[in-house]
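Below is one structure, written out as C-alpha coordinates, with a few remarks after it.
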Amino acid sequence: MPPYESGRRLCLLMEAGDTRFSVEATSVMEVAAPGPDETSLRGVLEVKDLSVLLGGEPEQTPGMVVVFDVSPTLAVRVRSIVEVTDVAPAPHFLLPTGLGDTLAALSRSAVLHKERLYLEINAEALPHEPGTVRPPPQLPVRLAELTPERSLVFESQGRLFGLPLSWVSQVVMRGPAFSALPGKSGAVAGVMPHGQALWPLYSAPALLGGASRAEDFLVLAEVEGRSLGLCASRVLGVHPRFEPAGEPGEFIAPGVPGPVLFLDLRRMFS
(Lines give C-alpha, C1' and ligand atoms only; values in the text may rest on other atoms or scores of the structure.)
Protein backbone atom coordinates (compact mmCIF):
# COMPACT_ATOMS: atom_id res chain seq x y z
CA MET A 1 0.00 0.00 0.00
CA PRO A 2 2.78 2.46 -0.81
CA PRO A 3 1.87 6.10 -1.45
CA TYR A 4 3.44 7.84 -4.38
CA GLU A 5 6.92 8.88 -3.34
CA SER A 6 6.93 12.41 -4.70
CA GLY A 7 4.90 14.95 -6.59
CA ARG A 8 1.18 15.52 -6.87
CA ARG A 9 -1.32 13.26 -8.54
CA LEU A 10 -4.53 15.08 -9.35
CA CYS A 11 -7.51 12.83 -9.95
CA LEU A 12 -11.18 13.36 -10.63
CA LEU A 13 -13.32 11.45 -8.13
CA MET A 14 -16.81 10.52 -9.31
CA GLU A 15 -19.71 8.14 -8.73
CA ALA A 16 -21.41 6.08 -11.43
CA GLY A 17 -24.07 3.52 -10.65
CA ASP A 18 -23.21 2.07 -7.25
CA THR A 19 -19.45 2.40 -7.73
CA ARG A 20 -16.98 5.19 -6.97
CA PHE A 21 -14.20 5.86 -9.48
CA SER A 22 -10.95 7.81 -9.65
CA VAL A 23 -9.41 8.86 -12.97
CA GLU A 24 -6.29 10.88 -13.73
CA ALA A 25 -7.19 14.54 -14.25
CA THR A 26 -4.90 14.61 -17.31
CA SER A 27 -7.30 12.13 -18.98
CA VAL A 28 -10.28 14.48 -18.58
CA MET A 29 -11.01 17.17 -21.18
CA GLU A 30 -14.16 18.60 -19.65
CA VAL A 31 -16.78 18.20 -16.94
CA ALA A 32 -20.17 19.74 -17.68
CA ALA A 33 -23.92 19.38 -17.34
CA PRO A 34 -25.63 17.51 -20.19
CA GLY A 35 -27.61 19.40 -22.81
CA PRO A 36 -31.37 20.01 -22.58
CA ASP A 37 -32.12 16.67 -24.27
CA GLU A 38 -29.81 14.96 -21.70
CA THR A 39 -28.37 12.72 -24.45
CA SER A 40 -25.66 14.99 -25.84
CA LEU A 41 -23.20 17.69 -24.88
CA ARG A 42 -23.98 20.90 -26.79
CA GLY A 43 -25.63 18.77 -29.47
CA VAL A 44 -22.22 17.55 -30.64
CA LEU A 45 -21.01 14.71 -28.42
CA GLU A 46 -23.27 11.76 -27.72
CA VAL A 47 -23.44 11.07 -23.98
CA LYS A 48 -23.34 7.43 -22.85
CA ASP A 49 -23.98 6.20 -19.33
CA LEU A 50 -20.73 5.02 -17.76
CA SER A 51 -22.67 2.51 -15.66
CA VAL A 52 -24.20 0.99 -18.83
CA LEU A 53 -20.85 0.84 -20.62
CA LEU A 54 -19.53 -1.14 -17.63
CA GLY A 55 -22.41 -3.62 -17.68
CA GLY A 56 -24.74 -1.97 -15.17
CA GLU A 57 -28.11 -0.25 -15.15
CA PRO A 58 -28.95 3.13 -16.77
CA GLU A 59 -27.92 6.18 -14.77
CA GLN A 60 -30.50 8.52 -13.31
CA THR A 61 -30.67 11.73 -15.31
CA PRO A 62 -29.49 14.38 -15.68
CA GLY A 63 -26.25 13.50 -13.84
CA MET A 64 -22.98 15.06 -14.98
CA VAL A 65 -20.94 14.57 -18.15
CA VAL A 66 -17.25 13.71 -18.15
CA VAL A 67 -15.40 13.98 -21.47
CA PHE A 68 -12.33 11.77 -21.67
CA ASP A 69 -9.27 12.63 -23.73
CA VAL A 70 -9.20 9.35 -25.63
CA SER A 71 -9.54 8.41 -29.29
CA PRO A 72 -12.30 8.58 -30.32
CA THR A 73 -13.46 11.14 -27.74
CA LEU A 74 -15.75 9.59 -25.15
CA ALA A 75 -18.42 11.53 -23.21
CA VAL A 76 -20.03 9.64 -20.33
CA ARG A 77 -22.77 10.39 -17.85
CA VAL A 78 -21.95 9.78 -14.19
CA ARG A 79 -24.20 10.06 -11.16
CA SER A 80 -22.16 12.75 -9.44
CA ILE A 81 -18.79 14.48 -9.30
CA VAL A 82 -17.16 14.26 -5.88
CA GLU A 83 -14.09 16.46 -6.28
CA VAL A 84 -10.72 16.92 -7.93
CA THR A 85 -7.98 16.16 -5.43
CA ASP A 86 -4.37 15.11 -5.00
CA VAL A 87 -4.48 11.39 -4.16
CA ALA A 88 -0.70 10.90 -3.97
CA PRO A 89 -0.65 10.79 -0.13
CA ALA A 90 -3.72 8.54 0.11
CA PRO A 91 -3.51 4.78 0.77
CA HIS A 92 -3.47 2.77 -2.44
CA PHE A 93 -4.39 -0.90 -2.84
CA LEU A 94 -3.95 -3.46 -5.60
CA LEU A 95 -7.20 -5.13 -6.63
CA PRO A 96 -7.41 -8.80 -5.63
CA THR A 97 -7.44 -11.48 -8.29
CA GLY A 98 -10.59 -13.27 -9.40
CA LEU A 99 -12.68 -10.18 -10.21
CA GLY A 100 -12.80 -10.87 -13.94
CA ASP A 101 -10.51 -10.15 -16.89
CA THR A 102 -12.51 -7.11 -18.00
CA LEU A 103 -12.16 -5.34 -14.66
CA ALA A 104 -8.47 -6.27 -14.53
CA ALA A 105 -7.94 -4.45 -17.83
CA LEU A 106 -9.97 -1.45 -16.68
CA SER A 107 -8.59 -1.09 -13.16
CA ARG A 108 -5.70 -2.59 -11.23
CA SER A 109 -5.85 -0.52 -8.06
CA ALA A 110 -8.02 1.54 -5.74
CA VAL A 111 -7.44 4.60 -3.57
CA LEU A 112 -8.90 5.31 -0.13
CA HIS A 113 -9.88 8.98 0.21
CA LYS A 114 -11.86 10.35 3.16
CA GLU A 115 -12.79 6.79 4.20
CA ARG A 116 -14.27 6.05 0.77
CA LEU A 117 -12.76 3.60 -1.69
CA TYR A 118 -12.43 4.65 -5.35
CA LEU A 119 -11.52 2.24 -8.15
CA GLU A 120 -8.78 3.78 -10.27
CA ILE A 121 -9.79 3.41 -13.91
CA ASN A 122 -7.71 3.68 -17.05
CA ALA A 123 -9.62 5.99 -19.39
CA GLU A 124 -7.97 4.41 -22.44
CA ALA A 125 -9.41 1.02 -21.45
CA LEU A 126 -13.02 2.22 -21.14
CA PRO A 127 -15.39 0.55 -23.62
CA HIS A 128 -17.17 2.84 -26.08
CA GLU A 129 -20.18 0.55 -26.42
CA PRO A 130 -22.05 -1.62 -23.90
CA GLY A 131 -21.79 -5.38 -23.96
CA THR A 132 -18.04 -5.82 -23.67
CA VAL A 133 -17.83 -6.11 -19.88
CA ARG A 134 -18.19 -9.66 -18.62
CA PRO A 135 -18.45 -10.96 -15.06
CA PRO A 136 -15.86 -13.42 -13.75
CA PRO A 137 -16.64 -17.07 -14.50
CA GLN A 138 -18.90 -18.93 -12.09
CA LEU A 139 -16.94 -20.98 -9.56
CA PRO A 140 -17.75 -24.70 -9.38
CA VAL A 141 -20.01 -25.46 -6.43
CA ARG A 142 -18.39 -27.77 -3.89
CA LEU A 143 -20.20 -28.81 -0.71
CA ALA A 144 -18.68 -30.11 2.51
CA GLU A 145 -18.64 -33.88 2.72
CA LEU A 146 -17.22 -34.38 6.21
CA THR A 147 -19.12 -33.37 9.34
CA PRO A 148 -17.70 -29.99 10.41
CA GLU A 149 -16.34 -29.28 13.87
CA ARG A 150 -16.86 -25.97 15.69
CA SER A 151 -18.12 -23.49 13.11
CA LEU A 152 -19.46 -19.98 12.76
CA VAL A 153 -23.07 -19.91 11.59
CA PHE A 154 -24.40 -16.89 9.69
CA GLU A 155 -27.42 -16.01 7.63
CA SER A 156 -27.39 -14.60 4.11
CA GLN A 157 -30.52 -13.84 2.10
CA GLY A 158 -32.61 -15.96 4.46
CA ARG A 159 -30.40 -19.07 4.33
CA LEU A 160 -28.02 -20.39 7.01
CA PHE A 161 -24.39 -21.01 6.12
CA GLY A 162 -21.49 -22.35 8.15
CA LEU A 163 -17.77 -21.73 8.10
CA PRO A 164 -15.24 -23.79 10.10
CA LEU A 165 -13.91 -21.70 12.94
CA SER A 166 -10.31 -22.41 11.90
CA TRP A 167 -10.96 -20.42 8.70
CA VAL A 168 -12.62 -17.42 10.35
CA SER A 169 -10.41 -14.37 10.76
CA GLN A 170 -12.89 -11.77 11.99
CA VAL A 171 -16.50 -10.57 11.74
CA VAL A 172 -16.84 -6.87 10.89
CA MET A 173 -19.55 -4.44 9.86
CA ARG A 174 -19.66 -3.32 6.24
CA GLY A 175 -18.25 0.19 6.51
CA PRO A 176 -18.22 3.27 4.28
CA ALA A 177 -15.00 2.07 2.63
CA PHE A 178 -16.93 -0.79 0.99
CA SER A 179 -17.10 -0.43 -2.77
CA ALA A 180 -19.43 -2.23 -5.11
CA LEU A 181 -17.95 -3.33 -8.41
CA PRO A 182 -19.26 -1.99 -11.72
CA GLY A 183 -21.74 -4.00 -13.72
CA LYS A 184 -22.41 -7.64 -13.13
CA SER A 185 -19.66 -8.94 -10.88
CA GLY A 186 -20.85 -12.52 -10.50
CA ALA A 187 -20.66 -13.78 -6.93
CA VAL A 188 -18.51 -10.83 -5.81
CA ALA A 189 -20.59 -8.26 -3.93
CA GLY A 190 -17.70 -5.79 -3.72
CA VAL A 191 -14.34 -5.08 -2.14
CA MET A 192 -13.27 -3.43 1.11
CA PRO A 193 -9.89 -2.53 2.60
CA HIS A 194 -8.98 -4.40 5.76
CA GLY A 195 -5.52 -4.34 7.24
CA GLN A 196 -3.05 -3.81 4.43
CA ALA A 197 -5.07 -5.26 1.55
CA LEU A 198 -8.35 -5.21 -0.33
CA TRP A 199 -10.61 -8.14 0.46
CA PRO A 200 -13.01 -9.54 -2.16
CA LEU A 201 -16.44 -9.94 -0.58
CA TYR A 202 -18.56 -12.80 -1.87
CA SER A 203 -22.26 -13.49 -1.55
CA ALA A 204 -22.72 -17.13 -0.50
CA PRO A 205 -26.12 -17.48 -2.27
CA ALA A 206 -24.50 -16.09 -5.44
CA LEU A 207 -21.78 -18.76 -5.22
CA LEU A 208 -24.68 -21.20 -5.58
CA GLY A 209 -25.96 -19.37 -8.67
CA GLY A 210 -28.30 -16.87 -6.99
CA ALA A 211 -28.19 -13.09 -6.79
CA SER A 212 -25.22 -11.22 -5.34
CA ARG A 213 -26.17 -8.81 -2.57
CA ALA A 214 -24.12 -6.73 -0.14
CA GLU A 215 -25.27 -7.16 3.48
CA ASP A 216 -24.51 -5.49 6.81
CA PHE A 217 -21.98 -7.99 8.17
CA LEU A 218 -18.82 -9.45 6.65
CA VAL A 219 -17.31 -12.75 7.74
CA LEU A 220 -13.61 -12.49 6.88
CA ALA A 221 -11.85 -15.78 6.25
CA GLU A 222 -8.42 -17.14 5.41
CA VAL A 223 -8.73 -20.21 3.18
CA GLU A 224 -5.56 -21.88 1.93
CA GLY A 225 -3.70 -18.57 2.07
CA ARG A 226 -6.48 -16.69 0.28
CA SER A 227 -8.21 -13.78 2.04
CA LEU A 228 -11.91 -13.37 1.30
CA GLY A 229 -15.12 -12.24 2.94
CA LEU A 230 -18.67 -13.55 2.94
CA CYS A 231 -21.66 -11.23 3.31
CA ALA A 232 -24.15 -11.89 6.10
CA SER A 233 -27.40 -10.31 7.25
CA ARG A 234 -26.83 -11.64 10.79
CA VAL A 235 -24.34 -13.82 12.64
CA LEU A 236 -25.69 -16.56 14.92
CA GLY A 237 -22.38 -17.34 16.62
CA VAL A 238 -20.12 -20.36 17.04
CA HIS A 239 -21.73 -23.79 17.37
CA PRO A 240 -20.31 -27.29 17.96
CA ARG A 241 -21.69 -30.83 17.56
CA PHE A 242 -22.91 -30.77 13.97
CA GLU A 243 -24.66 -33.81 12.49
CA PRO A 244 -25.67 -34.55 8.87
CA ALA A 245 -29.11 -33.19 7.99
CA GLY A 246 -29.80 -35.53 5.09
CA GLU A 247 -29.14 -33.16 2.18
CA PRO A 248 -25.67 -32.77 0.60
CA GLY A 249 -23.61 -30.19 2.48
CA GLU A 250 -26.29 -29.54 5.12
CA PHE A 251 -25.81 -30.14 8.84
CA ILE A 252 -27.75 -29.44 12.02
CA ALA A 253 -26.54 -28.52 15.49
CA PRO A 254 -28.17 -27.92 18.90
CA GLY A 255 -29.43 -24.36 19.25
CA VAL A 256 -29.39 -23.65 15.51
CA PRO A 257 -32.88 -23.00 14.10
CA GLY A 258 -32.44 -24.92 10.86
CA PRO A 259 -30.09 -26.82 8.54
CA VAL A 260 -26.76 -25.11 7.88
CA LEU A 261 -25.14 -25.34 4.45
CA PHE A 262 -21.35 -25.66 4.34
CA LEU A 263 -19.57 -24.71 1.13
CA ASP A 264 -16.18 -26.32 0.64
CA LEU A 265 -14.36 -23.07 -0.10
CA ARG A 266 -11.01 -24.84 -0.06
CA ARG A 267 -11.92 -26.82 -3.16
CA MET A 268 -13.93 -24.04 -4.79
CA PHE A 269 -11.03 -21.57 -4.72
CA SER A 270 -8.20 -24.05 -5.34
Side-chain angles (χ1 to χ4, degrees), residues 1-31 49-51 53-56 59 63-70 74 76-127 133 135-136 170 172-183 185 188-202 214 218 220 226-229 231:
M1 194 175 59
Y4 286 79
E5 294 183 358
S6 63
R8 304 179 69 202
R9 185 165 179 257
L10 290 180
C11 285
L12 173 69
L13 306 183
M14 57 191 180
E15 298 174 314
D18 295 325
T19 308
R20 296 181 292 268
F21 296 99
S22 169
V23 64
E24 295 271 4
T26 54
S27 298
V28 177
M29 296 175 61
E30 184 179 358
V31 176
D49 288 0
L50 180 59
S51 57
L53 292 179
L54 300 181
E59 197 69 75
M64 291 293 291
V65 176
V66 178
V67 182
F68 290 112
D69 187 13
V70 296
L74 178 63
V76 301
R77 185 196 324 276
V78 300
R79 178 159 55 90
S80 66
I81 300 298
V82 179
E83 62 178 302
V84 176
T85 188
D86 178 14
V87 301
H92 286 71
F93 301 86
L94 293 178
L95 290 186
T97 59
L99 303 183
D101 294 339
T102 305
L103 183 58
L106 178 69
S107 174
R108 296 185 181 275
S109 60
V111 59
L112 187 65
H113 177 69
K114 295 181 180 178
E115 298 185 353
R116 299 291 191 273
L117 191 72
Y118 296 83
L119 300 187
E120 298 195 295
I121 56 172
N122 175 11
E124 294 284 352
L126 285 171
V133 175
Q170 195 174 354
V172 300
M173 294 288 294
R174 177 168 60 92
F178 169 87
S179 174
L181 298 180
S185 52
V188 184
V191 292
M192 193 176 83
H194 180 74
Q196 302 297 312
L198 277 187
W199 290 57
L201 307 173
Y202 290 85
L218 303 171
L220 304 182
R226 178 189 291 265
S227 299
L228 59 92
C231 297

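If you read the sequence from its start, that first residue is 1, and numbering goes on from there.
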For [X], check side-chain contact (heavy atoms from CB on, under 4.5 Å) against everything at least two apart and list the hits.
X    : value
S51  : D49, E59
R108 : none
N122 : E124, A125
T85  : L13, E83, V87, H113

Find out whether [X] and [Y] are in side-chain contact, i.e. whether some heavy atom of one side chain is under 4.5 Å from a heavy atom of the other.
X    : Y    : value
S179 : T19  : yes
M14  : V82  : no
M192 : L218 : yes
V65  : V31  : no
L117 : V111 : no
V28  : V66  : yes
I81  : L12  : yes
L95  : L198 : yes

(request) Apply side chain to side chain donor-acceptor pair (under 3.5 Å) to T26 and list each qualifying residue two or more places apart in sequence or on a separate chain. (result)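 T26 satisfies side chain to side chain donor-acceptor pair (under 3.5 Å) with no residue once adjacent residues are dropped.
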(request) Please name all residues satisfying side chain to side chain donor-acceptor pair (under 3.5 Å) with E115, sequence neighbours left out, ordered by chain then number. (result)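 Counting only residues at least two positions away or on another chain, E115 forms no side chain to side chain donor-acceptor pair (under 3.5 Å).
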Measure across [X] and [Y] and return the closest heavy-atom pair with its distance rounded to 0.1 Å.
X    : Y    : value
G229 : L220 : CA-CD2, 4.0 Å
G98  : P136 : O-CB, 3.7 Å
A214 : F178 : CB-CZ, 3.8 Å
P193 : F93  : CB-CZ, 3.6 Å
F21  : Y118 : O-CD2, 3.5 Å
V23  : A123 : CG2-CB, 4.2 Å

(request) Might you work through the side chain to side chain contact (heavy atoms under 4.5 Å, CB included) test for L126 and I121, ending with a clear yes or no? (result) CA-CA 8 Å; L126 285 171; I121 56 172; 4.3 Å; yes
(request) Give the intermediate values and the outcome of side chain to side chain contact (heavy atoms under 4.5 Å, CB included) for residues L74 and V67. (result) CA-CA 6 Å; L74 178 63; V67 182; over 6 Å; no
(request) Taking salt bridge (charged side-chain N to carboxylate O under 4.0 Å, His left out) as the test, write out the residues that go with R20, two or more places apart. (result)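 Expected list: none.
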(message) Checking side-chain polar atoms at under 3.5 Å, does E120 have a donor or acceptor matched by the opposite partner on S107?
(response)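 Per modelled atom types, E120 and S107 side chains form no pair under 3.5 Å.
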(request) Could you please spell out the steps behind the side chain to side chain contact (heavy atoms under 4.5 Å, CB included) verdict for V191 and L201? (result) CA-CA 6 Å; V191 292; L201 307 173; 5.7 Å; no
(request) Could you list the residues that satisfy ring-ring contact (aromatic ring centres under 6.0 Å, His included) with H194, not counting sequence neighbours? (result)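 With sequence neighbours excluded, H194 shows a ring-ring contact (aromatic ring centres under 6.0 Å, His included) to W199, given in chain and number order.
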(request) Would you check if the side chain of R8 reaches a backbone N or O of D86 as a donor-acceptor pair within less than 3.5 Å? (result)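 No; judged by distance alone, with no hydrogens or angles, the pair does not exist.
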(request) Kindly indicate, with the supporting measurements, whether the criterion side chain to side chain contact (heavy atoms under 4.5 Å, CB included) is fulfilled by H92 and R9. (result) CA-CA 12 Å; H92 286 71; R9 185 165 179 257; 3.4 Å; yes
